[in-house]
Amino acid sequence: MRYLIDLHTHTIASDHAYSTIHDYIRQAQESGMLMFACTDHGPALADGAHQWHFHNLRVVPRLADGVAILRGAEANILEDGEIDLDEASLGRLDLIIAGFHPCSPQNSDAKAYTRMLIRLIESGRVDILAHPGNPRFPFDYETVLECALEHQVAVEINASSSVNTRMGSHDNCVSIAKIASRLGNIVSLGTDAHISYFLGNFEESLRVIKESGLNEALIINRSPQAVLDFLERRGHPPIPELRAHFGQSQA
Ligand SMILES: [Zn+2]
Ligand SMILES: [Zn+2]
C-alpha cells in the first residue's frame, strides 16, 4: 500500500530543517500526497520553534492548493513525562507528537524512560509517540504499548530512523511493530522529513511493516478520514474544512 499522508515533518521553524511549508505543499502536489502534518520541534530543543510559532499556526490554511495541512508539534519529553508546550499551544494544535531528544533526560535506564512514557500517555497531552525505537532511550515496550492502547495513543513507525538519524533503531522498530500488531495498537507513520524532498518517503517504515507482519488496518495514515477520526477520538475539535473536503468516515 502507498501511504499518501505524512504525520511528521519539520520546516525551517527548526533550524536544522531546510524547507518551508510552501516547499512541502509543492512536493505534496507533485507526488500526489493528500495531507501532511507540520510538526516542528518544541521550544526546549536548542533550535526548536518558539511557543509563538505554535500559537500562530492557525494562520496556516487547512487546505492549500488541494493539500491538507495539519497544525502540529513534536514536543520534547522532559523529566517525569512532562512536555515543553504551554497550554495555549496544546489547545490550538491538531496533533501533538512527542519524543525523546537531546534536551530530554539522558542516560537514564529503561525503567526511568518507561515511567516517563507512562506519565506522558496518562497525561492525555500527546497523540503520537515519536520514534520509539531509538536505542538511546530504551523502555519496556510491552508495558508502554499496553498503556498506549488503553489511552488510545498512537505509536509511530518513523521513516527517518536508521536512515537519516537514530542509527540502530531498525530492529527495535520491528519489535515494537510486532507488539503493536499483537495488542492492536493505533499506529502512525511519519517520515520525520527535515527537507521537503523526503515527504512521503516511507521506505523504512514499509520495511518495518513487512518484517514485523504488522496488520496495516491499524495504521491511521491509510486514509484522511482515519486520521480525522483518530484526532477527534483523542478529543481534538473536528476540522470542518477537512471533513467537507475528504468526506465523513467510512467506518
Ligand atoms: Zn524527533
Ligand atoms: Zn521529528
Side-chain angles (χ1 to χ4, degrees), residues 3 5-21 23-24 27-28 33 35-50 53-54 57 69-79 81-85 89 93-106 108 113 116-117 120-121 125-139 144 148 153-170 172-173 176 187-205 208 220-221 227:
Y3 290 97
I5 298 167
D6 192 337
L7 294 175
H8 188 161
T9 71
H10 297 276
T11 72
I12 52 171
S14 312
D15 285 344
H16 65 288
Y18 307 97
S19 295
T20 64
I21 290 182
D23 297 329
Y24 280 102
Q27 181 70 25
M33 297 290 286
M35 174 190 279
F36 69 94
C38 181
T39 54
D40 275 298
H41 290 285
L45 198 69
D47 74 342
H50 193 274
H53 165 86
F54 303 104
L57 276 174
I69 306 163
L70 294 176
R71 304 161 184 170
E74 182 178 19
N76 296 293
I77 304 175
L78 308 174
E79 289 289 347
E82 293 293 319
I83 55 173
D84 59 338
L85 293 174
S89 299
L93 295 172
D94 298 325
L95 89 166
I96 294 128
I97 66 180
F100 292 113
H101 294 107
C103 57
S104 301
Q106 305 291 309
S108 295
Y113 289 128
M116 288 176 217
L117 286 167
L120 173 69
I121 292 166
R125 292 178 151 191
V126 62
D127 303 309
I128 299 169
L129 301 180
H131 43 71
N134 189 348
R136 288 188 58 186
F137 299 96
F139 62 90
V144 170
V153 168
V155 180
E156 182 185 74
I157 301 180
N158 188 293
S160 281
S161 293
S162 288
V163 176
N164 298 320
T165 183
R166 296 179 292 275
M167 296 306 168
S169 292
H170 178 84
N172 296 340
C173 294
I176 291 166
V187 174
S188 163
L189 305 183
T191 62
D192 207 355
H194 283 62
I195 190 159
S196 59
Y197 304 112
F198 204 71
L199 180 74
N201 182 343
F202 288 117
E203 279 179 31
E204 168 62 10
S205 301
V208 170
I220 52 176
N221 307 57
V227 172

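Because only heavy atoms are used, hydrogens play no part in the values below, and waters and symmetry mates are left out as well, while side chains stay in. In listed order, ligands and their atoms are each counted from 1.
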Is there a side-chain contact between His170 and Val208 in this structure, where contact means two heavy atoms from C-beta onward sitting under 4.5 Å apart?
yes
Donor-acceptor pair, side chain of Asn76 and main chain of His101, under 3.5 angstrom
no
Take the angle between the ring planes of His16 and His194 and call it parallel below 30°, perpendicular above 60°, tilted in between.
tilted
Are the side chains of Asn221 and Leu7 in contact, using a 4.5 Å heavy-atom criterion?
yes
No waters, cut-off 2.8 Å: how many protein N, O or S atoms are close to the Zn ion (ligand 2)?
4
Please confirm whether the ring centroid of His53 lies under 6.0 Å from the ring centroid of His41.
no
So, does Asp94 use its side chain to make a donor-acceptor pair with the main chain of Arg71 at under 3.5 Å?
yes
